[in-house]
Amino acid sequence: MTEKNVRVRFAPSPTGALHIGGAHTALFNWLWARRRGGAFILRVEDTDAERSTAEYEDTIMDGLKWLGLDWDEGPDVGGAFGPYRQSERMDLYRKYAEQLLDEGKAYREDGAVIFRTPVGVSLVIEDEIYGDIKIQSEKASVNQDGSVKDIVIIKRDGMPTYNYAVVVDDHAMDISWVIRGEDHISNTPKQMLLYRALGWEMPRFAHLPMILGKDKKKLSKRHGATSVFEYNDMGYLPDSVFNFLALLGWSPGGGIEIFDRDEAVRSFELSKVIKKPAVFDMDKLNYVNQEHLKTMDPVLKKRIVEPFWRELGLKPERHADQYLMDALTLMGARGRTTKELAEFSDYFVDFSPVKERYDASDITPEQRGTLKKFFAAFMSMPEWESGSMEAFARNWCEANGASLKEVALPLRWALTGRKVSPGVFEVAQLLGRDECGTRLKHFDFVD
RNA sequence: GGUCCCAUCGUCCAGCGGUCUAGGACACCGCCCUUUCAAGGCGGCGACACGAGUUCGAACCUCGUUGGGACCGCCA
């Protein structure tokens, strides 16, 4: 086993936020680096001076952090192979372009440096995922009419092109595996030609299947949420998005679908990644999110739901942390996103949304009479505990020829303003006797 | 148009020549549980694109057809 250390990189261009496709390839690179105890490198490909911005660079880094993907070398943390922004590596690109020029493998034209595409060379991409892909060098770069086209390596503005910079950097940064989207397969032959011309050893390639929208087309803005942060705003946990994305093109086997980062790292294998493109399915994401929500620590859950309560105009700070955590625990699996959780539990935070939703107009005078009798006794129970409340309610109904629903449903409406909620008596217990009294009195269910 | 890639339930994955009358999960539909809704339990619906080979035997190998996709910028 003399295989060299794993060094992989995620190389986004700062021309937009971190989107789902980028997050997916970053994730797989990270998984492979962590699995093999190697290094995950972040390299910013900002050679498009027009569209690249420092803001986007920050957004991308924030997106990676949000997903829990940490890098060992990058523009912010540095490293032995820096700098990590292509715009800061110009001398390197010039140096090798000079070399190619000297060797007659490239020529100048309109201020640009252009590499002569060789003809008659058989290339084979030994892809870790797709297997061997064979192609002739003259097919590597062509015009629309199919004629051979030379490859621009330095643009007129002095900036290197993607296909050239990526080769120089992957070599200079000692990248051992190039793991990227399948849409780059067609670029690979051009890059291999450059490696050959420069006399460099090639890294190993692994192309990942694309992520498609419902229409089976490459995922893009028109498929809805594109930035990973939009998922945060919709109430998805980073752990869930990580889990869900890892499941696109790969599975740990054994029927396991819900896992955390460590578990994913432990069972990840590049060779188990499949070739078929995957459709991004929101239903599955919802399910995965719900599963992660189920096992989430209450302290963390409260912290993450709080902003969503505030967004609804509620004031969670009026309550003790423990009370809010208890409320969330009571909510259980009701809600697939933190946003839903916040909505569905609003009545624990404030009474006002209850009043907005319910006005007791469905209660007939006769029913009200029964309710008043029941609640008068209910409110003066010696012990304010859900178990005894239920026992009391059942006995009372039995004795008065009523069904439990006749009192439980109005109670739920009065307390929550909703037709669904956790068990009413547990809700009542948590809200407390005084608060329940207030709410019942508001609807004139008790004097 | 050219080059390349892909092809198992609607979707995500298992399957890597025989144990497949193809398994799990999501979604969907029933039933159970129950003061409601989730959750949970049980069950149902539902796929190897097609055609030739190879082989004693093919979802798995080969070829073709069909269907889908990606790429063909001095963008990355």
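Reminder, nothing fancy here: chain letters follow the sequence lines and each chain counts from 1.
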Peer 1: So, for A/Phe378 and A/Trp384, is the gap between ring centers shorter than 6.0 Å?
Peer 2: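 Here the rings of A/Trp384 and A/Phe378 have centres that are less than 6.0 Å from each other.
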Peer 1: What is the nucleic acid contact for A/Ala112, judged by heavy atoms within less than 4.0 Å: base, sugar-phosphate only, or nothing?
Peer 2: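 It contacts base atoms.
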Peer 1: Ignoring the backbone of A/Lys405, work out which of B/U35, B/A76, B/A39 is nearest its side chain.
Peer 2: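 My answer, after comparing the listed nucleotides, is B/U35.
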Peer 1: Taking the P atom in each of B/C28 and B/C33, what is the distance between them to the nearest angstrom?
Peer 2: 22 Å
Peer 1: Which part of the nucleic acid, if any, lies within contact of A/Leu248, taking any heavy atom under 4.0 Å across all strands shown: a base, the sugar-phosphate backbone alone, or nothing?
Peer 2: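 It contacts sugar-phosphate atoms only.
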Peer 1: Would you mind pulling out the nucleotide paired to B/A70, Watson-Crick or G-U wobble, both distances under 3.5 Å?
Peer 2: B/U3
Peer 1: Does A/Lys272 place a side-chain N or O at less than 4.0 Å from the phosphate oxygens OP1/OP2 of B/C16?
Peer 2: no
Peer 1: Can you tell me how far P in B/U11 sits from the matching atom in B/G68, rounded to whole Å?
Peer 2: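 Result for the P pair: 14 Å, nearest Å.
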Peer 1: Looking at A/Phe81, does the NZ or CZ of A/Arg7 lie under 6.0 angstrom from its six-membered ring centre and within 45 degrees of the ring axis?
Peer 2: yes
Peer 1: Give A/Asp110 one of three labels, base, sugar-phosphate or nothing, depending on what nucleic acid heavy atoms sit under 4.0 Å from its own.
Peer 2: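 Contact class for A/Asp110: base.
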Peer 1: Let me have the donor-acceptor pairs involving side chains of residues 257-264 of chain A, under 3.5 Å, with sequence neighbours excluded, atom names and distances please.
Peer 2:
unit_1, atom_1, unit_2, atom_2, d
A/Glu257, OE2, A/Lys284, NZ, 2.8
A/Asp260, OD1, A/Asp262, N, 3.2
A/Asp260, OD1, A/Glu263, N, 2.8
A/Arg261, NE, A/Leu67, O, 3.0
A/Arg261, NH1, A/Asp239, OD1, 2.9
A/Arg261, NH2, A/Leu67, O, 2.7
A/Arg261, NH2, A/Asp239, OD1, 3.2
A/Glu263, OE1, A/Asp260, N, 2.9

Peer 1: So what does A/Ile274 hit on the nucleic acid, given a heavy-atom distance under 4.0 Å: a base, only sugar-phosphate, or nothing?
Peer 2: sugar-phosphate
